[in-house]
Each structure stands twice: as C-alpha cells, then as structure tokens.
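Just so it is clear, the values below take in all heavy atoms, side chains as well, and ignore hydrogens, waters and symmetry mates. Fair warning: this is a prediction, and the values are worked out from it, not measured in the lab. Every number for a ligand or one of its atoms is a count from 1 in the order of the listing.
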Amino acid sequence: MSKIIGIDLGTTNSCAAIVENGTVKLIPYKGGEFIIPSIFAIDEKGNELIGHEAKRQWQLNPRNTVYAAKRLVGRSFTSDVVAAMQKTVAYEMKPGERNDVLLDIGHKHFRLAEISAKILNKIRVVAQDYLQEKVSRAVVTVPAYFTDRQRQAVKDAGKLVQLEVVRIINEPTAAALAYGIGKNLHETVVIYDLGGGTFDVSIIEIRDRVFEVKATGGDIFLGGLDFDQAMIDYVIREFQKKHDIDLSTDPVAMQRIKDLAERIKIDLSSREQAPFNVPFVTMTLQGQPLNIDFVFTRLMLEEMTTKLVDRSIEILNRVMKDADLDPARVDELLLVGGQTRMPVVQKRLTALFGKPPSKGVHPDEAVAIGAALYAHSLEDNSNLRLQLLDVIPMAIGLEKAGGSFHEVFPRNAAIPNAKAIEATTSYDGQTEVAMRIFQGDAPEVAQNELLGDFLFSGLRPGEAGKARIEITFDVNIEGILTMSARDPDTGKQMKTTVRVTQH
Ligand code: AMP
C-alpha cells in the first residue's frame, strides 16, 4: 500500500506533510518552499496554471485567476455568501444546473469540486516528485466549521483525481495533534485558528493519545482576506475622495492594490508603519498618470479591522461557554493560521487568558503536520495509536411543518453518532415519506444549510398514522451524514433516495 500523506487544503495556501522513518516532514516544493498557493488560472494561451505559477501571473490576468474558491465550496449560487464574494473577486460565477456555483474562466466553466481537485492533484504531484513514489491516499483537513455538504465536496474533489481522501479531519484538531502527540500531556487547550479565509476555534482535552474536542465554532467568512479587504476599501475610498476616480471598476488596478494590501498588512506585523505606493495606477481624463501614495500605520490597520478581531473573540467566548470553560482553566492557547501573527490578535488573547499563547506550534505548519501524523496512525504498519473524539460544529435536524427546525443532533454533539427517529404516515395508503434535512443553529430552516431532500419509499400501505418508519441519522467520524430507513415491525430496510442536494 502506498503511503498516506496529510494535506492542509487552505483557502489561500495549501501544504502537505508525511511521516517518513518515524519523523514528520513537510513536503517541499521545487525551490524548497513548503506552501503552494491555492490558486488556479488559465493563461491567454489556454494553459492551466496551479499554485505559484498561477499566483505569479495573477496581477496581469485577474479575470481568469481563481483564488479563495474554498469559501464557495458547498454553497448555493443564490446564497448571500456567493453574492458577497462576487463583489470582491475578479473572476465570474455562473449558476450550475443544481443551483451550484460554476466558475467561468478562460472561456470554460468549472465546478468548484474541479478547482479543489486540481489543487489537490498539484499537491499530490509535488509529493510524488519528492517521495519518488505514487501517492493515491491522503488525510485532508477542513475548517471545523464546515458543514456535511462542504466535507462531502472535499471527498468528491479527491475522487475526481483518483486521490482517495481516507479521512477528513478538522484543522484545529490537526493542530492539536501536532502540538500534543508524544508528550504525554493532560491538558485543556484552546486552538484559535485564523487563516487566510476562515476562522475556527476548538477546545480540546488532551489525555496522552486521546484528543477529545469539547466544543467548536467558527466563521468560514472570517480570515486574512477580510483584513486585506478592509485596507483595500480604505484605499479605494481615499483615492476617490482625492481624485474622484473609482478604482474598483478597474480589475488590473484592483489586483495591484490587493497584492500590496496583503504585503503591507504582513509588514505591519513587524513594523509600525509602511508606505503604500502603487505607481501609475490609472490616468486622469487628460491622460495624466496618477499614483496611490499613502502611509499605513499599524494603528490604522488595527482600527480598520477591530470589528473582525471582535467577531473572532465573540465566537471564542461562545465556544468557551459551550464547553463550560473558564479562561483561567485553559492550560495552553495555540495560535494557528498566518493571520494570528498580527500583534493585536496576540495582545487581545493574552489579555483574555492572562498568559501569552504557546510557542509549541508553528502557525503555518501545524495543520499539515497534524494531518500527516493522523495519516500515519491509519497506516497498516504504524504503531502510532491515536483516538480522536470530535464534534459537529452546527446542529443537524429536519424541517417541521411551517418551516421550523427540529434538531436531531445539537451543535457540539460527539461524533461518530447515530440517532433514530420514528415517523408515521399522514394519509391512507401512503408508501413514501419525504424529509428535508438541514444543518445550522437557527430556529428556522430557511436560515440553515440544506443538506438534502430525502425520500424514503417502500412503506407498507395502511391507514393514516398507522404505518411506521424508523429513520436513522448517522454522522461518521468525519462529520458526514448518511440517512437510512427501515420498517420497525419487520426490520426491513427501505429505499432512501436523495432528491436534491442544493436549494
Ligand atoms: P494561512 O491560511 O494560515 O496560510 O494564513 C494565511 C493568511 O495569513 C493570509 O491572509 C496572510 O496574509 C496572513 N498572514 C501571513 N503572515 C502574516 C503576518 N506576519 N501578519 C499578518 N498576517 C499574516
């Protein structure tokens, strides 16, 4: 059997690792870099570019360069998230047949699963070059706050390129593995993971080789990209005030501003101020070239992004409450994700917990390392034994009459988990029962995510209210739901059909 690699499939960057001869290593790319940008592009000649190659030509070809596609995975085209995203990216989105999102680039349409598949494949090729052997299996990490549908989409992406995703694990859980394995710890740790696109927080109890998630939460629309966007909005606004020109309609100018915004944001983590210069960004009606020429201070950046940091702390507080945990009882705070390098994030967390964050994990590498360690534990010849006890991030349940949501599993329910509910028929001779399953924490289904519209058939016809059906909800260790039904009197399985998976 080939080796199983660990993949951190990030919103902005991806990274892979493997255990070789008993030690875990990040898999290097050509130039020795460990990170592969999660970017896909088609150049003017129709060539497909992935990773660094795609990033390099991004400024000149923003219309046909896809980034942050992970934010769209498992979303309906008509969702607010997609509408909001369309405003900030230069590539075009179109509705697919099932109201899914199609990306329109290089005069072709791509499903999101195809984009994720291309990035996964690139990582696999890099790993194969490094290992000099075929790679066909991986453990892939996802944000803890991903729904069943989003997790399923990652598995499907793997299938498209014959990469078996043997297990999906949560990013903060992976980081905790990287931190805790082999240290014989007995600790409660908080993982605050603020990456390029998503924010996750998990509270994990480590008892040597047992990693038990107590509670989790997050926002898959809170990450470094939003910090960049706050700067971009400011630059556009100020430029408009000064020159009465709206740069937001110029994709090339926007791309240059975007690139620089991220670089200056990163600089401001180690400097108090930095110049923000984009020469010849546009021209006046008279043909006179105009430049962007500001000085950004760390304080300005902090003020512009306070709301984002506040949101993360609110979520953290809620998760602490869910776990019934007081900050004083937290043994370690682990910071994961590049955006946690921002000094004010560290300052606020230090104040909250009364001590500085742990230096025990590398914010960019911990997730891939944890995935690789877990992958190793799944290999036949491994003597690494681990027990992961995770939870679902949001409730799973069904739609009741009138559109209300009936929870079957509450948020933070331990997984794997199964629950059966019993239903009866509402009219004479009924042989089928339909059920819409949702995931989310809102009391109305309309605000939650539709996981599937199921039809159970094969009920024995009888009087209304007499025929019974037992429906089982089974959430596996990866947070993926399977539905089944049986006749409770005969024990016979009934046919289960998923009618739609998108709304
Ligand atoms: P990740 O998904 O963990 O790779 O996080 C990437 C995000 O972290 C991007 O939005 C980066 O701009 C951001 N980032 C990386 N380094 C720094 C830094 N030194 N200060 C602030 N943000 C950073």
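Considering only heavy atoms from C-beta on, Glu332 stays 4.5 Å or farther from Val190 through its side chain.
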Only pairs under 3.5 Å count here: list side-chain donor-acceptor contacts from residues 3-19, not counting sequence neighbours, and write none if there are none.
| from | atom 1 | to | atom 2 | distance (Å) |
| --- | --- | --- | --- | --- |
| Ser14 | OG | Gly10 | N | 3.2 |
| Ser14 | OG | Ser38 | OG | 2.9 |

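Protein residues with any heavy atom under 4.0 Å from ligand 1: Thr12, Asn13, Gly195, Gly196, Gly224, Glu262, Lys265, Ile266, Ser269, Gly337, Gly338, Gln339, Arg341.
Scanning all heavy atoms of the two residues, the minimum distance from Phe280 to Asn291 falls at N-OD1, 2.8 Å.
Listed by chain and number, the residues in a salt bridge (Lys or Arg N to Asp or Glu O under 4.0 Å) with Arg263 amount to none (sequence neighbours excluded).
A ring-centre distance under 6.0 Å is found for Tyr234 and Phe296.
Among pairs with a residue in residues 217-237, those fulfilling salt bridge (Lys or Arg N to Asp or Glu O under 4.0 Å) read Arg71-Asp226, Asp219-Arg311, Asp228-Lys265, at least two apart in sequence or across chains.
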